[in-house]
Amino acid sequence: NLMPVTINGSGSIAGLSVGGLGSGVVNTATIANGAITSSMLPTGSVLQVKQSIRNEVATRTGSGFAAIPDLSVSITPSSASNKMLVHVELGTVETTGNQYGHFIRIYKNSSHLSGASAINVSNRYGVFAGGRTTNNSHSQGYSGSYLDTAGGTSAITYAVYWLAEGGYGTLYLNSEQNNPDGGAYLHNISSITVTEIAG
């Protein structure tokens with residue numbers, strides 16, 4: 001049964017089957033702004049990317065995990081089921097003092113994102129990354145990713161937090177400890193990048 005194609009006075013077309021316009025009839029220029037939403041994109045599509053960079057030295061003393069300045073991203077997901085790929089790149093990290101550890105965690109809306117850390121065992125910290133400074137002032141850099149689920153459509157803030165073991169010593173980021181001045185030393189950058197992926 002063939003249905004006749006009818007163009008009525010309102011400008012609409014009746015009786016047109018799916019795919020009836022033929023290949024190449026609709027192009028990017030003829031698609032209305034906003035007609036394609038993120039929910040129409042296939043799973044795995046990148047929807048948005050946000051990044052924050054810390055390109056200066058940061059220092060910190062004190063107990064308890066605290067946010068590293070400038071290393072946070074606020075992003076608003078379009079769907080609660082979408083995935084959020086959190087990638088952290090830390091330049092030189094050191095702790096002054098005699099073999100004190102430094103510990104790194106990722107936080108989501110000011111709460112520890114525990115899935116992005118190892119499980120606490122006995123007196124050991126469960127962290128995303130970390131290390132221990134020796135008497136020889138060894139510097140360390142870190143790189144890692146975690147795939148989170150948005151869990152809602154309100155704005156999410158992902159941030160990088162740090163802590164010196166027991167609150168001892170001074171933490172340094174993007175510099176060797178005590179930020180020495182000389183031709184053998186450097187400053188580098190750190191970043192956090194969050195990518196929303198259609199789930």
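Positions are given from 1, in the same order as the sequence printed here.
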Determine the minimum heavy-atom distance between [X] and [Y], stating which atoms define it.
X      : Y      : result
Ile75  : Met84  : CG2-CE, 3.5 Å
Ser52  : Asp70  : CB-O, 3.2 Å
His102 : Gln140 : CE1-OE1, 3.4 Å
Gly144 : His87  : O-ND1, 3.3 Å
Ala155 : Ser74  : CB-OG, 4.1 Å

For this session: State whether Lys50 and Glu196 are salt-bridged, where the test is any N-O pair (Lys NZ or Arg NE/NH1/NH2 against Asp/Glu carboxylate O) under 4.0 Å.
Result: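 Here Lys50 does not pair with Glu196 in a salt bridge, since their nearest N and O are not under 4.0 Å apart.
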
Problem set entry | Residues Lys83 and Asp148 bridged, charged N to O under 4.0 Å |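 Judged by the 4.0 Å cut-off on N to carboxylate O distance, Lys83 and Asp148 do not form a salt bridge.
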
Exercise. In terms of hydrophobic clusters joined by side-chain contacts under 4.5 Å, are Ile68 and Phe128 together?
Worked result: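 Shared cluster, yes.
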
Exercise. Can Tyr161 be reached from Tyr172 by stepping across I, L, V, M, F, W or Y side chains whose heavy atoms are under 4.5 Å apart?
Worked result: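 No, Tyr172 and Tyr161 fall in different hydrophobic clusters.
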
Exercise. Is there side-chain contact between Asn82 and Ile197, with heavy atoms separated by less than 4.5 Å?
Worked result: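 The answer is no; the side chains never approach within 4.5 Å.
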
Backbone N/O of [Y] and side chain of [X]: donor-acceptor pair under 3.5 Å:
X      : Y      : value
Ser45  : Pro42  : yes
Lys108 : Ser114 : no
Tyr142 : Gly131 : yes
His112 : Ile106 : no
Asn188 : Thr92  : yes
Gln51  : Thr193 : no
Gln48  : Thr76  : yes
Thr96  : Thr170 : yes
Ser190 : Gly91  : yes
Asn120 : Gly126 : yes

Exercise. Can you tell me if His187 and Asn55 form a side-chain donor-acceptor pair at under 3.5 Å?
Worked result: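 Note: His187 and Asn55 side chains miss the donor-acceptor criterion.
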
For this session: Give me the ring orientation class for Phe65 and Tyr125: parallel if the planes are under 30° apart, tilted from 30 to 60°, perpendicular past 60°.
Result: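 The rings of Phe65 and Tyr125 stand perpendicular, inter-plane angle above 60°.
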
